[in-house]
K.L.:
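The structure is given below, and queries will be raised subsequently.
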Amino acid sequence: MVCLDPFNPNSKEVRVRIGPSPTGVPHVGTGYVSLFNYAFCRQFGGKFILRIEDTDQKRSTIESEQAILNSIKWLGLKWDEGPDIGGPYGPYRQSERLDIYQKHVDKLLQTGNAYFCTCSTERLTEIRQRQIALKQPTSYDGTCREYKRNSGVVRLKVPKYEKIEFFDLLRGNINIESSEIDDQVLLKSDGFPTYHLANVVDDYLMRITHVIRGEEWISSTPKHILLYRFFGWDIPVFVHLPLLRNFDKSKVSKRKNPVSLEYFKEAGFLPEVMLNFLGLMAFSFEDGREIFSLDDFISNFKIERISLGGPVFDLRKLLWLNGKYLREKYSNSDMLNYIQKQVFSTEYLTRIIPLIKDRIEKSEDFFEYADFFFKNSISFNLSGCHLINFNDKDKLIKTCEFLIDELDSLKSFEGSSIENLIRLFCDKHKIEKRELFMFIRLAVTGKRATPPLFETLSVLGRNRCVMRLRAFLGEIKNDTKNFFNH
RNA sequence: GUCCCCGUCGUUCAGAGGCCUAGGACACUGCCCUUUCACGGCAGUAACACGGGUUCGAAUCCCGUCGGGGACACCA
């Protein structure tokens, strides 16, 4: 089995890819991995491929795909091949390549490197629970290996007791014992492939030379190695990037950090700042420069200089950097433009006007009614607010957390659907409507009198609403204002 | 629990055996500038996880311990 010379990418056209899964918001982690892939391939005049990994039918949405494409475009990273522009190795959406995966699965079945499995979900969870109870590692027990089934899901037949070794450009050789590896499902019962199969097949067919992805994939790389071997294919060079972290060092997550690129865009972070900042994560220029453009980054990027400790995504430094760009690179007229576009955009104003039109008598009054649409921190005062009868703090916190989750996962953020959700929420949690409505109003707008709540929330948008509720949560958790002693 | 990855100031990154009494940036503190705030300037606090080796010499190499993280799905 031949490996590309990892230190000599010139030996062949460099082709890298990112494979976002369209199951949620565009994630900063995707931006980070994209940047490194992009810089690496541009250095060698290679190609950057965008492939949509929508093999999870239940969770994938076209809206999410569109949002991800837009966000990466917003960052200023241009892909050479992708679902929207096509390319020589398309289609670039995995849901459109089902026949390809089927063919490859058939091949594995024929060569005896995969087998059908008819075990029920119930049985599998039972096995798993028993293993957890016995403190054993959880894995499929291999029942269907013995029987020759001819339908069901298809599993990878992992050889017993073999050391599987692969090379990671940053970490050297990594060994994992095959007994640690599960007989991974390759083809699901809906006929869709799992990540592992689709990923390997596509990387091969799309001539990917370097797989630059998050560290979370290290432990499943042996499965991929096995697939390459069973198909008789060359193995690409693996580069596992350290994961972005929350302040507590856990993998960066929306519970603890803003992670949506859309949020950063809306909040007024500049795309070139995002790129600059992401380039500071796990990497440094030899000359120590910290302010750089994408072109600078490309020409100074050295993949082997990536450091391995998981970098904390530090919002404070990001904030400083954004301010620095604004101060030093923006003229007054740039700033005017920026503020008009970001803060007083016609789109936003168009939605606000109907809400305050009947309430103001002259333009000066505008901010009396609409200030909270433009502020990013809301001061509120709950003390003496008798409408909030949540007399116990824990309940209020729990309620607020549930509410955040629901708002966060609400499909459409229209007034009517928000109203629906919140009314249902009241019933479900047995809360007086007026109590919850006023609570939300105060936490999100800081005012007791506002335009109709649900429309207001809709115009503010999901991100602002959720951010403000989180900020509120933070404050009551610390109880800095002694809300409960009044 | 099992396997894998990682371990330098609070955060980020520098350091690839002597140049390290460990450097830059963010944050923090003080001073200066300033009617105020911000910006800017100057100064300061602050780290090689621990224990063993190897070596004349270790933040840098090796081993162990501890700590953190990730993975263990018909999710990616």
Side-chain angles (χ1 to χ4, degrees), chain A residues 18-24 27 29-30 51-60 94 117-121 124-125 127-128 131-140 152-155 164 166 168 170-199 213-223 240-252 277-291 304-324 326-328:
Chain A
I18 53 162
S21 149
T23 52
H27 201 277
T30 307
R51 181 172 72 218
I52 292 294
E53 311 214 328
D54 55 349
T55 53
D56 184 341
Q57 278 196 90
K58 287 168 228 103
R59 295 194 306 144
S60 296
Q94 291 184 327
C117 169
T118 53
C119 293
S120 64
T121 321
L124 294 175
T125 47
I127 295 172
R128 197 168 309 125
Q131 287 166 333
I132 291 168
L134 291 168
K135 302 209 165 187
Q136 288 172 345
T138 56
S139 73
Y140 177 58
V153 302
V154 177
R155 285 182 184 274
I164 299 177
F166 62 95
D168 178 288
L170 301 175
R171 298 157 217 266
N173 288 328
I174 296 174
N175 294 293
I176 295 175
E177 185 60 42
S178 71
S179 55
E180 299 294 334
I181 307 162
D182 213 356
D183 278 1
Q184 179 65 47
V185 169
L186 300 175
L187 199 66
K188 301 184 266 190
S189 53
D190 62 0
F192 274 57
T194 54
Y195 168 84
H196 307 282
L197 202 234
N199 185 262
R213 59 176 12 164
E215 194 179 11
E216 55 201 336
W217 294 109
I218 291 180
S219 47
S220 45
T221 303
K223 294 170 186 171
H240 289 99
L241 265 20
L243 262 23
L244 257 28
R245 310 294 184 90
N246 296 313
F247 233 92
D248 63 6
K249 292 279 188 182
S250 57
K251 177 162 101 165
V252 75
F277 183 68
L278 258 10
L280 250 19
M281 300 280 89
F283 185 75
S284 61
F285 280 43
E286 251 156 328
D287 62 11
R289 214 177 336 158
E290 288 197 299
I291 311 285
E304 66 275 16
R305 272 183 71 83
I306 290 173
S307 61
L308 263 16
V312 171
F313 189 85
D314 185 359
L315 271 173
R316 294 173 156 289
K317 184 145 184 179
L318 175 61
L319 244 15
W320 167 80
L321 194 63
N322 207 62
K324 181 127 176 130
L326 255 16
R327 257 174 267 131
E328 295 180 0

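In what follows, chains are A, B, ... by sequence order, proteins preceding strands, each numbered from 1. Just so it is clear, the structure is predicted and the values come from calculations on it, not from any experiment.
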K.L.:
Which residues pass the ring pair (Phe, Tyr, Trp, His ring centres under 6.0 Å) test with Phe277(A), not counting sequence neighbours?
P.N.:
Phe313(A)

K.L.:
Return the set of residues passing salt bridge (Lys or Arg N to Asp or Glu O under 4.0 Å) with Lys249(A) (not counting sequence neighbours), or none when no residue passes.
P.N.:
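Partners of Lys249(A) under the salt bridge (Lys or Arg N to Asp or Glu O under 4.0 Å) test: none.
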
K.L.:
Counting primed atoms plus P, OP1 and OP2 as sugar-phosphate and everything else as base, spell out the protein contacts along nucleotides 58-65 of chain B at 4.0 Å heavy-atom distance: B, S or - for each nucleotide, 5' to 3'.
P.N.:
--------

K.L.:
Which residues pass the ring pair (Phe, Tyr, Trp, His ring centres under 6.0 Å) test with His27(A), sequence neighbours left out?
P.N.:
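His27(A): no ring pair (Phe, Tyr, Trp, His ring centres under 6.0 Å) contacts found.
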
K.L.:
Once side-chain hydrogen bond (donor to acceptor under 3.5 Å, both in side chains) is applied, do any residues pair with Ser60(A), and if so which ones, sequence neighbours excluded?
P.N.:
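Testing Ser60(A) for side-chain hydrogen bond (donor to acceptor under 3.5 Å, both in side chains), a comparison that skips the adjacent residues, returns none.
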
K.L.:
Find the partner of rG23(B): check Watson-Crick (N1-N3 plus N6-O4 or O6-N4) and G-U wobble (N1-O2, O6-N3) distances, both under 3.5 Å, and reply none if neither fits.
P.N.:
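Partner of rG23(B): rC13(B).
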
K.L.:
When the C1' atoms of rA46(B) and rU11(B) are considered, how many whole Å apart are they?
P.N.:
12 Å

K.L.:
For rC72(B), give the paired nucleotide (Watson-Crick: N1-N3 plus N6-O4 or O6-N4; G-U: N1-O2 and O6-N3; both under 3.5 Å), or none.
P.N.:
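For rC72(B), the partner nucleotide comes out as rG1(B), under the 3.5 Å rule.
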
K.L.:
What are the two closest heavy atoms between Ile181(A) and Ile164(A), and how far apart are they?
P.N.:
CD1-CD1, 3.7 Å

K.L.:
With a cut-off of 3.5 Å and sequence neighbours excluded, list every side-chain donor-acceptor pair involving residues 280-287 of chain A.
P.N.:
residue	atom	partner	partner atom	Å
Ser284(A)	OG	Arg305(A)	NH2	3.1
Glu286(A)	OE1	Lys302(A)	NZ	2.7
Asp287(A)	OD1	Arg289(A)	N	2.9
Asp287(A)	OD2	Arg289(A)	NE	3.2
Asp287(A)	OD2	Arg289(A)	NH2	3.1

K.L.:
For Asn199(A), report the nucleic acid contact type (base, sugar-phosphate, nothing); a contact means any heavy atom under 4.0 Å.
P.N.:
nothing

K.L.:
Nearest nucleotide by nearest heavy atom, which residue falls closer to the 5' end of RNA chain B, Ser307(A) or Ile174(A)?
P.N.:
Ile174(A)

K.L.:
Partner of rA43(B) by Watson-Crick or G-U wobble geometry, both contacts under 3.5 Å, or none?
P.N.:
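rA43(B) is paired, partner rU29(B).
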
K.L.:
For the C1' atoms, the ones on rU12(B) and on rG7(B), what distance do you get once it is rounded to whole angstrom?
P.N.:
15 Å

K.L.:
What interatomic distance, in whole Å, is found between P of rG10(B) and the corresponding atom of rA76(B)?
P.N.:
40 Å

K.L.:
Using a cut-off of 4.0 Å between protein heavy atoms and nucleotide atoms, how would you tag nucleotides 68-75 of chain B 5' to 3' with B, S and -?
P.N.:
SSSSSSBB

K.L.:
With sequence neighbours excluded, what pairs up with Lys188(A) under the salt bridge (Lys or Arg N to Asp or Glu O under 4.0 Å) test?
P.N.:
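Lys188(A) satisfies salt bridge (Lys or Arg N to Asp or Glu O under 4.0 Å) with no residue once adjacent residues are dropped.
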
K.L.:
Checking Asp56(A) now: which residues fulfil salt bridge (Lys or Arg N to Asp or Glu O under 4.0 Å) with it, not counting sequence neighbours?
P.N.:
Arg59(A)

K.L.:
I need a per-nucleotide contact map over nucleotides 40-49 of chain B, read 5' to 3'. Cutoff is protein heavy atoms under 4.0 Å; write B for the base, S for backbone only, - otherwise.
P.N.:
S---------

K.L.:
With both distances kept under 3.5 Å, what pairs with rG57(B), Watson-Crick or G-U wobble?
P.N.:
none

K.L.:
Suppose we screen for salt bridge (Lys or Arg N to Asp or Glu O under 4.0 Å). Which residues come up paired with Arg155(A), at least two apart in sequence or across chains?
P.N.:
none

K.L.:
Of all the choices, rU12(B), rC6(B), rA76(B), which nucleotide is nearest to the side chain of Arg171(A) once you look at every atom?
P.N.:
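The nucleotide sitting nearest to the side chain is rC6(B).
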
K.L.:
Got a sec, which pairs hit salt bridge (Lys or Arg N to Asp or Glu O under 4.0 Å) with one end in residues 170-186 of chain A, sequence neighbours left out?
P.N.:
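Qualifying pairs: Arg145(A)-Asp183(A), Asp168(A)-Arg171(A), Arg171(A)-Glu215(A).
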
K.L.:
Reckon Gly310(A) touches a base, only the sugar-phosphate, or nothing at all at heavy-atom distances under 4.0 Å?
P.N.:
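Sugar-phosphate, no base atom in range.
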
K.L.:
Which value, in whole Å, describes the distance between the C1' atoms of nucleotides rC19(B) and rG23(B)?
P.N.:
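Between the two C1' atoms, the distance is 12 Å.
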
K.L.:
I want to confirm an ordering. Mapping Met281(A) and Glu290(A) to their closest nucleotides on RNA chain B, which one lands closer to the 5' end?
P.N.:
Met281(A)

K.L.:
So which heavy atom on Gly214(A) is nearest to which on His240(A), and how close?
P.N.:
O-CD2, 3.4 Å

K.L.:
Tell me what Arg305(A) touches on the nucleic acid: a base, only sugar-phosphate, or nothing, going by heavy atoms under 4.0 Å.
P.N.:
sugar-phosphate

K.L.:
For rC61(B) versus rA16(B), give the span between their P atoms, rounded off to a whole number of Å.
P.N.:
11 Å

K.L.:
For rU36(B), which nucleotide in any strand shown is its Watson-Crick or wobble partner with both distances under 3.5 Å?
P.N.:
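WC or wobble partner does not exist here.
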
K.L.:
Roughly how many Å apart are rA58(B) and rG15(B), using the C1' atom of each and rounding to a whole number?
P.N.:
13 Å

K.L.:
Can you classify the ring geometry of Trp217(A) versus Tyr195(A) as parallel (below 30°), tilted (30 to 60°) or perpendicular (above 60°)?
P.N.:
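Ring orientation of Trp217(A) relative to Tyr195(A): parallel.
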
K.L.:
From CG of Leu308(A) over to P of rU8(B), roughly how many Å is that when rounded to an integer?
P.N.:
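Distance check: Leu308(A) CG to rU8(B) P gives 11 Å.
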
